[in-house]
Amino acid sequence: MASLDLESFEAALKVHYTDLRVKNLVYRNNPFLAAVPKYEYFGGKNLPIPVQFGTPQGRSATFTDANNQNVQTPGEYTDFVLKRVRNYSVAAIDNETLEASVGRPNAFMEAAASEIDGALRSLTQDLAGNLYRDQFGVRGEIANLVVNEITLTNPSDIVFFEVGMTLVSVPAATPAAATTGGGIGCTIDTINRDNGTFTVTAVLGATAIGDALFQLGDAANGGDPLKMAGLAGWLPATAPVSGVTPDFFQVDRGVDASRLAGQRYDGTAETIEEALIGAGSLLFREGGRPDLVFMNPLSYSELIKSLGSKVVYDVVRSSDVAEVFFDSVRVYTPSGQVSVVADPNCPTGVAYMLQMDTWKLYSLGMAPKILMTDGLRFLRTDNADSVTVRCGYYSQLGNTAPGWNARIALAT
C-alpha cells in the first residue's frame, strides 16, 4: 500500500486550504480585520498615500485681494509613505505522523490541520491585535510583579498573551528604543485570564513594575518599527506636536494634528452613548461620515444596557467574505447613523469611530497566508525529522483621510 508521500501531502494541502477557508479562519471573531477593505497588490518598495489637508487660499471678498499673488497659497498636500512589515508563524509536523498515515490521507490531514490552523490563528491574532496598536509591538505593561507572577496594567490585554510565549521587557517610556531587554527567555507557564495575570519561568535582569512587554522578536531594537501601525498609531491619544513628535511615515502630523492624526474626544465623564454622540459631532464639523465604531466587549455590553428599550440591532459584514458577519448596535449621531461592533482586540477605555472607506489593509498577497514562493506549501525541516508549513504576511494599514476618524476615550 502506498504511503502518504510529500507529493500527496502537497496535493492534500492545496485542496484543504483554499483561500476561502483561510479567510473564514482568519476573520472569525476579528471584526475590524474582517471589515477593513483589503488591497492585496502592495508591490514595490513602498506605497505613497497622498492626503490633502489644506485648501488654496487665493480667496477674498474683493477681487484685488483674491488676485494678490503675494498672499495666494496653494493647497496643502502630503504623502504617508507606507512600508510593509513582515510577520511569520511556522507549523511543524513530525515525519513519524506522516508515515503512520499510510493509506489514510484524511486521517493525516486531520492531525496536520490542527498544527497548521494553530499557526494561522496565532498569526491572525497578532495581526488583529496589531490593527489596534501603534508600531512598537507592546502587548501590555506590568502593573505588579510578585516573584514570577505578572499582573497587567490593563487586564483586557491578556488576550495578547499565550502559554509558551517568550517575552522581553523594556521601560514603557522607551518602546521605540526597545532592545531584547531584561526579560529574554521569560516564558509564560500559566495564565489567569479572569484576573489579567500570568506566571513565567523566571524574571530576569531589569524586568520591573512599569515595564512594557513584547513577544520575542517584535522589539525594534532602536531601528524602524517592526510591527504594523494600527489605529493607535494613526489616531494617537495625544495630538502630535510639530517638530517635537517623531514623523509618522515621513509626515510631520503636528502641522495640522486634527486632519493628519485624527480627532480625539474625551468621553470619560459621559455615558458611552453620549461619548459616541459627542465624537460624531466632532467628525461632522470636520466633514467626516463615520459608519462603524469598534470597542471592547465590556464597553459594548455597557452600551446595550444603557440603551435599554432604545437598542436597535443590525449586522456588519466582512469587506470581502459575505459569509462572515458580526452583530452590531445602531447609534444615531450628528454625523449620521453608526453601527457599533464589539471587538475583543480593542483595548478597554477606548473606542474608534471610523469612516471605513478611508481605511485599507495593504498587503503583498493575502494577509495572512501560507507562504509558498517556490510553489510548495511545505518544506523539509533541515534539523529535525519533520516537515514545516510556513505562514506569514507582508502588509501595512493605511488611511487616506485621518481627520474623518476619531479616537474616543471612555470611562472604565
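For clarity, every value in this text was computed on a predicted model and none was experimentally measured.
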Residues in ring-ring contact (aromatic ring centres under 6.0 Å, His included) with Phe80, at least two apart?
-> Trp234
Please determine, by modelled atom types, if Asn87 and Tyr394 share a side-chain donor-acceptor pair under 3.5 angstrom.
-> no
Between Arg139 and Gln215: side-chain donor-acceptor atoms closer than 3.5 Å = yes
Side chain to side chain donor-acceptor pair (under 3.5 Å) between Thr124 and Asn30, intermediate numbers included = CA-CA 9 Å; Thr124 297; Asn30 294 302; 5.9 Å; no
Within a strict 4.5 Å, meaning less than it, do heavy atoms of the Cys186 and Val168 side chains meet?
-> no
Any chance the rings of Tyr39 and Tyr362 have centres within less than 6.0 Å?
-> yes
Shortest non-hydrogen pair, Thr412 vs Gly349, comes out as CG2-CA, 3.3 Å
Tightest non-hydrogen contact, residues Ala367 and Leu127, listed as O-CD2, 4.0 Å
Exercise: do Thr348 and Asn296 side chains pair donor with acceptor under 3.5 Å | no
Please check if the side chain of Ser335 supplies one atom and the backbone of Phe284 the other of a donor-acceptor pair under 3.5 Å.
-> no
Might you confirm whether atom OH of Tyr41 has over 12 heavy atoms from other residues, nucleotides or ligands at distances under 6.0 Å?
-> no
Charged N to carboxylate O below 4.0 Å: is that the case for Arg193 and Glu162?
-> yes
May I have the step-by-step check of side chain to side chain donor-acceptor pair (under 3.5 Å) for Ser328 and Asp314, ending in yes or no?
-> CA-CA 5 Å; Ser328 67; Asp314 200 355; 4.8 Å; no
Do Arg253 and Ser242 come close enough that some side-chain heavy atom pair is under 4.5 Å?
-> no
Judged by modelled atom types alone, do Ser339 and Asp291 share a side-chain donor-acceptor pair under 3.5 Å?
-> no
Can you tell me how far OH of Tyr393 sits from CG of Leu371, rounded to the nearest 0.5 angstrom?
-> 11.5 Å
From Ile191 atom CD1 to Thr199 atom OG1, the distance as rounded to the nearest 0.5 Å = 8.5 Å
Sequence neighbours excluded, every pair satisfying salt bridge (charged side-chain N to carboxylate O under 4.0 Å, His left out) that has a member inside residues 225-237 = Asp126-Lys227, Asp218-Lys227
Quick one: are Val293 and Leu276 in side-chain contact, heavy atoms under 4.5 Å?
-> yes
Under 3.5 Å side-chain donor-acceptor pair for Asp343 and Asn345 = yes
Distance-minimising heavy-atom pair for Pro402 and Leu235 = O-CD2, 3.9 Å
How about Thr201 and Asn148: does a side-chain donor come under 3.5 Å of a side-chain acceptor?
-> no
Taking the six-membered ring of Phe42 (Phe, Tyr or Trp), confirm whether the NZ or CZ of Arg84 is under 6.0 Å from its centre and within 45° of its axis.
-> yes
Does a donor on one side chain sit under 3.5 Å from an acceptor on the other, for Tyr332 and Glu273?
-> no
Nearest 0.5 Å, what's the CG-OH distance between Leu282 and Tyr265?
-> 8.5 Å
Glu141 side chain to Asp211 main-chain N or O, any donor-acceptor pair under 3.5 Å?
-> no
Just wondering, do Ile408 and Val350 contact through their side chains at under 4.5 Å, heavy atoms?
-> no
Report yes if some heavy atom in the side chain of Arg285 is under 4.5 Å from a heavy atom in the side chain of Gln263; otherwise report no.
-> yes
Is any side-chain heavy atom of Met228 less than 4.5 Å from a side-chain heavy atom of Gln135?
-> no
All heavy atoms of Tyr300 vs all of Val340, minimum pair found to be CE1-O, 3.3 Å
Any idea which heavy atoms bring Pro334 and Gly280 closest together, and the distance?
-> CD-C, 4.2 Å
Yes or no on side chain to side chain donor-acceptor pair (under 3.5 Å) for Thr151 and Asn195, after CA distance, side-chain angles and deciding distance?
-> CA-CA 8 Å; Thr151 301; Asn195 296 337; over 6 Å; no
Which pair of non-hydrogen atoms, one from Ile150 and one from Leu145, has the smallest distance, and what is that distance?
-> CG1-CD1, 3.5 Å
Val331 vs Thr333 side-chain heavy atoms within contact, under 4.5 Å = yes
With the side chain counted from C-beta on, respond yes when Lys360 and Lys38 share a heavy-atom pair under 4.5 Å apart, and no when they do not.
-> no
Only one of Asn144, Thr197, Asp189 passes side-chain contact (heavy atoms from CB on, under 4.5 Å) with Glu149, and that residue is Thr197
Please determine which of Phe32, Tyr352, Trp359, Phe326 meets the ring-ring contact (aromatic ring centres under 6.0 Å, His included) test together with Phe294.
-> Phe32
